[in-house]
Amino acid sequence: MVNLEFHDPSGAIEVKQPHAPRIATLEGKRVGFVSNEQWQAYRMLPRLKALLEVDFPGIEVLPIDAFPQGNAVIGSEETAALVKESGVDAVIIGNAA
Amino acid sequence: MTNAVAGVGLAPDAAMVTFPIEMFLPGSDISPMEVRQREFYDGLTRWRSAFAGDGVSGAPMVHVQSTSVEDAFARANHLMLANRWGDGLPLWPPTRERVDWILGGAAQPRGRGLGTFPPRGGVTTVESCAIALAMAGGRPEYVPVLVAAVSAFLDAESGSEQLAASGSAFPVVIVNGPIGAQIRLNAGFGCLGPDPQRPAGASIGRALRLLQQNLGGALPGIGTMANYGGMRYTNVVFAEDEANLPSGWTPHGAERHGFEPGTSSISFAFANGVTNIRRRGAKKETPEEDALQGMHRMADFMRVPNMPGLAGYERGTPGILMIPGVVAQTMAGLGWTKASIREFLWEHSRIPVAELRRAGCPAWIEIDASKVTRESLALDPWPITASPDNFVIVVAGGGHPTNSYWMQGYSPGVVGRPIELPSSFERLLADAERDLGPR
């Protein structure tokens, strides 16, 4: 019998921080968008804003340009700081393709 | 892996709502998002990561059992494909023995960390490199080049995160110094292709690709959206033909990165296309006409709106130009230097802004992260890169004057690394001589 033992080449993954906790409900919450302005985000994100506002009483959804937009800036520490300062409860990021 | 955030330490999943690409095209019907609006809400309220808790999750050894060596190898190859670890070509199973043998070429301890491979974020060590090199059919003396290349790849300056995008970027590793010839890396005829006489580039480049896929998660359509994914079986790994550098011309590693001439080093960039340019004249040109017409022809090939190239507009490169040694010798005899060639190409590859506007390029330039790039729109004709110094010019290719080769850049940076050699390097070269015959 031949036994062949070899390394799994996919190695290890280190999870250093958890994803943000989910919120219990969207009712009465403040929600923001971080948009890269790509892939029809200029149409889809306002549509999603309208849907949220209809479905959840008391929700406040910030305009899609409340934070800097574009691939070049949405990943920056400055944008992250602005999001934090805004006091939003949740953020929707789009659009990737 | 389902996202591009694992590489920064988050779990390799995310709350996403995905749709077919058609909904993201101009003029699309976006009503499908109304049908699935609940998924958006659930992503914010109910979604849970499948990866609970922090910490490092390792990979165990894999076992295959069979009645014959032949069948065991076949089963191992099937398993590696089924687990999405392969590239479609036969693999050498990375057994302990094979990997330990390969590690004999490492100047660093096997556990030395080199970073995490984007976008998946696989923890990358010297041992990871040896595993990939074993799978790719490599040898110990190739390790120093691969480790240097991986170190450069993982340097934030390289901009490797773009590999997850659709632009089909591939790594280019240019080797300078004596190690190129020592490990049988091709600098001459067919230097970007397969060569049983100089097999090092294929193995090193294939190992790099396997690392991208297995640690970085760069599976087509999952971890990389490259439309075409060209040059990805072996990437591009070659040596500059320093033996045929004209007197007074500086090796690329010294010129771009400041390494002492004679230093074994690598230079790392990304490209996303290759073009063969028939450089030589066809009739009764004088040497001066032949050189000048060839230069214009090369500049003409570069004078295109390569919008992915904007990634390297300020500090990277618009591309890598390879010219054969015999051409370099002739041009040097006429007074050309690498610097004057770069100046010429920069000046003659400029694009009239009216042509940029016709092709919708200003929109891409205006959203670029670099202020230098955004402000370049004021220049007419528009230079394809911020500075002539950004052009990479390398003397390489067969000793024949007809063609040059242009690899168009998709490279935010060009990263250099000196190559560290193990104390056993001379013995490894002697072993290679024994195994592969004389160089």
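Chain A is the first sequence line, chain B the second, and so forth, proteins listed ahead of strands; every chain is numbered from 1.
- The environment of CZ in B:Arg46 is sparse: at most 12 heavy-atom neighbours from other residues, nucleotides or ligands sit within 6.0 Å.
- Taken to the nearest 0.5 Å, the CG atom of A:Asn95 stands 9.5 Å off from the CZ atom of B:Phe19.
- In terms of heavy-atom proximity, A:His19 sits nearest to B:Trp47 at CD2-CH2, 3.6 Å.
- Residues A:Asn3 and B:His63 are not in side-chain contact: their nearest non-hydrogen atoms beyond the backbone lie 4.5 Å or more apart.
- Residue B:Trp101 qualifies as enclosed at atom CH2: its count of foreign heavy atoms under 6.0 Å is above 12.
- At a 4.5 Å heavy-atom cutoff, B:Leu210 makes no contact with chain A through either its backbone or its side chain.
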**Item:** Residues B:Arg84, A:Ser10; criterion side chain to side chain donor-acceptor pair (under 3.5 Å); working and verdict
**Value:** CA-CA 9 Å; B:Arg84 300 179 173 180; A:Ser10 63; over 6 Å; no
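- No side-chain donor-acceptor contact under 3.5 Å links A:Arg47 and B:Ser31.
- Heavy-atom distances place the backbone of A:Thr25, and not its side chain, under 4.5 Å from chain B.
- Heavy-atom pairs under 4.5 Å with chain A peak, among B:Ile30, B:Val99, B:Ile131, at B:Ile30.
- Note that CD of A:Gln38 is 12.0 Å distant from CZ of B:Phe24, once rounded to the nearest 0.5 Å.
- Heavy atoms of B:Ala15 lying under 4.5 Å from chain A belong exclusively to its side chain.
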Between B:Leu25 and A:Gln40, does a side chain to side chain contact (heavy atoms under 4.5 Å, CB included) hold up when you go through it step by step?
CA-CA 7 Å; B:Leu25 304 181; A:Gln40 310 305 306; 5.7 Å; no
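- Counted within 6.0 Å of CZ on A:Arg30, heavy atoms from surrounding residues, nucleotides or ligands total more than 12; the atom is thus considered enclosed.
- With a 4.5 angstrom heavy-atom cutoff, B:Ser128 does not touch chain A via any of its atoms.
- In this structure, A:Arg43 and B:Ser28 have side chains that are in contact, with non-hydrogen atoms separated by less than 4.5 Å.
- Residues A:Val15 and B:Leu10 form no side-chain contact, since every pair of their non-hydrogen atoms from C-beta on lies 4.5 Å or further apart.
- Taking CG of B:Leu91 as the reference point, atom CZ of A:Phe6 lies at 9.5 Å (rounded to 0.5 Å).
- Interface check for chain B: of the options A:Ile93, A:Leu52, A:Asp55, the most heavy-atom pairs under 4.5 Å are formed by A:Asp55.
- Heavy atoms of B:Met80 lying under 4.5 Å from chain A belong exclusively to its side chain.
- The candidate from A:Ala72, A:Pro9, A:Gly70 with the greatest count of non-hydrogen atom pairs under 4.5 Å with chain B is A:Pro9.
- For the atom pair B:Leu44 CG and A:Phe56 CZ, the distance stands at 8.5 Å (nearest 0.5 Å).
- Ranking B:Thr95, B:Thr67, B:Val17 against chain A, the residue ahead of the rest is B:Thr95, based on heavy-atom pairs under 4.5 Å.
- Under the 3.5 Å distance criterion, the side-chain polar atoms of A:His7 are left unmatched by any main-chain donor or acceptor of B:Ala132.
- Only the side chain of B:Glu127 comes within less than 4.5 Å of a heavy atom in chain A; its backbone stays farther off.
- Contact between A:Leu4 and B:Pro93 at its shortest, heavy atoms only, is CD2-CG, 4.1 Å.
- Side chains of A:Asn71 and B:Ile367 form no contact here, defined as non-hydrogen atoms less than 4.5 Å apart.
- Two residues are said to be in side-chain contact when any heavy atoms from C-beta on lie closer than 4.5 Å; B:Tyr41 and A:Leu51 meet this criterion.
- Within the 4.5 Å cutoff, the side chain of A:Asp8 has no heavy atoms near those of the B:Met61 side chain.
- For chain A, no part of B:Asp71 is nearby; none of its heavy atoms comes within less than 4.5 Å.
- Contact tally against chain B (heavy-atom pairs below 4.5 Å) for A:Val31, A:Ile92, A:Leu48: the top residue is A:Leu48.
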